[in-house]
Amino acid sequence: MAEEELKLIDEKGIRNDGRKFDELRPIKIEAGVLKRADGSAFLEWGENKVMAAVYGPREMHPRHAQDPSRAVVQARYNMAAFSVPDRKRPGPDRRSVEISKLMSEALEEIIFVEHFPRASIDIFVEVLEASAGTRCAALTAASVALADAGIPMSDMIASCAAGKIGGKVVLDLGKKEDNFGQADVPMGMVPTTGKITLLQMDGNLTMEEYKQAMELAMDACKEIYKIQRDALKRRYSTSISTFEETNDMEEE
Ligand code: UDP
């Protein structure tokens with residue numbers, strides 16, 4: 001189907017799903033959802049649903065893969081077979097290996113890996129429902145799960161994509177926009193410092209369009225960062241109130 005036939009964006013700049021050019025899909029994050037993980041987060045981003053679980057720091061196996069000077073960060077991104085309308089073949093493929101690698105490299109930038117020689121820090125991300133932008137959702141959820149696990153790190157990474165549809169630069173491409181649009185630029189950054197930890201581009205943009213896309217995505221990352229922090233605040237304020245309730249009961 002040609003992009004023009006689909007009309008991804010109208011004359012007033014309203015997109016197929018009713019969003020403005022600079023509007024994110026709704027994002028919800030809940031931290032600490034898995035009991036057996038050291039840290040976890042469940043994230044809903046539009047129609048994406050993603051679970052992140054962190055284990056470690058723990059002794060790295062196999063031993064020959066240990067690094068005596070630092071921890072090895074191992075992220076594994078997996079898309080469930082039932083996460084997309086056309087069932088995805090289960091197991092790793094080139095795409096999931098690529099996303100796992102770029103997540104590991106991005107997260108290494110924020111974790112104090114030198115504190116944990118010979119250890120591994122394992123991050124598993126399961127995409128339960130996918131509708132474009134899952135690598136950004138995965139990296140955003142993984143950051144919250146790492147913070148929930150209490151892994152020493154400099155800050156969290158927020159991640160978001162911008163791109164181009166119908167000749168216009170827009171934020172956070174949805175499924176149709178990703179499939180039939182002209183460009184998609186997923187990026188991740190540490191919003192407090194502006195450090196870019198992930199940057200990819202699919203399609204073509206002029207230098208001016210690229211700058212616009214980056215500005216949109218960087219502003220959005222600041223918004224996402226607030227949602228990440230709020231999830232952690234909710235998680236730990238709940239624990240405190242539960243703690244207080246338990247104490248009250250014991251005193252009675
Ligand atoms: N997708 C799919 N089957 C696959 C891989 C991807 O249906 O095997 C869909 C899925 O909805 C995904 C979207 O295509 O979110 C875009 O995939 P892309 O590789 O651009 O990564 P993403 O945008 O999810 O980071």
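Start at 1 and go down the list; that is how both ligands and their atoms are numbered. Everything numeric in this text was worked out from a predicted model, so none of it was measured.
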CE of Met51 to CD of Glu30: how many Å apart, nearest 0.5 Å?
9.0 Å

How would you list, by chain and number, every residue that makes a salt bridge (Lys or Arg N to Asp or Glu O under 4.0 Å) with Arg63, sequence neighbours excluded?
Glu59

Thr140 side-chain N/O to Ala158 backbone N/O, donor-acceptor pair under 3.5 Å:
no

No-hydrogen, no-angle side-chain donor-acceptor test under 3.5 Å, Glu209 and Gln182
no

List in chain and number order the residues that pass ring-ring contact (aromatic ring centres under 6.0 Å, His included) with Tyr55, two or more places apart in sequence or in another chain; answer none if no residue qualifies.
Phe124

Near ligand 1 (heavy atom, under 4.0 angstrom), the protein residues are Met79, Val84, Lys88, Arg95, Ala130, Ser131, Ala132, Gly133, Thr134, Arg135, Lys175, Asp178

Let me have the donor-acceptor pairs involving side chains of residues 33-44, under 3.5 Å, with sequence neighbours excluded, atom names and distances please.
residue : atom : partner : partner atom : Å
Asp38   : OD2  : Gly56   : N            : 2.8
Ser40   : OG   : Val33   : N            : 2.8
Ser40   : OG   : Leu34   : N            : 2.9

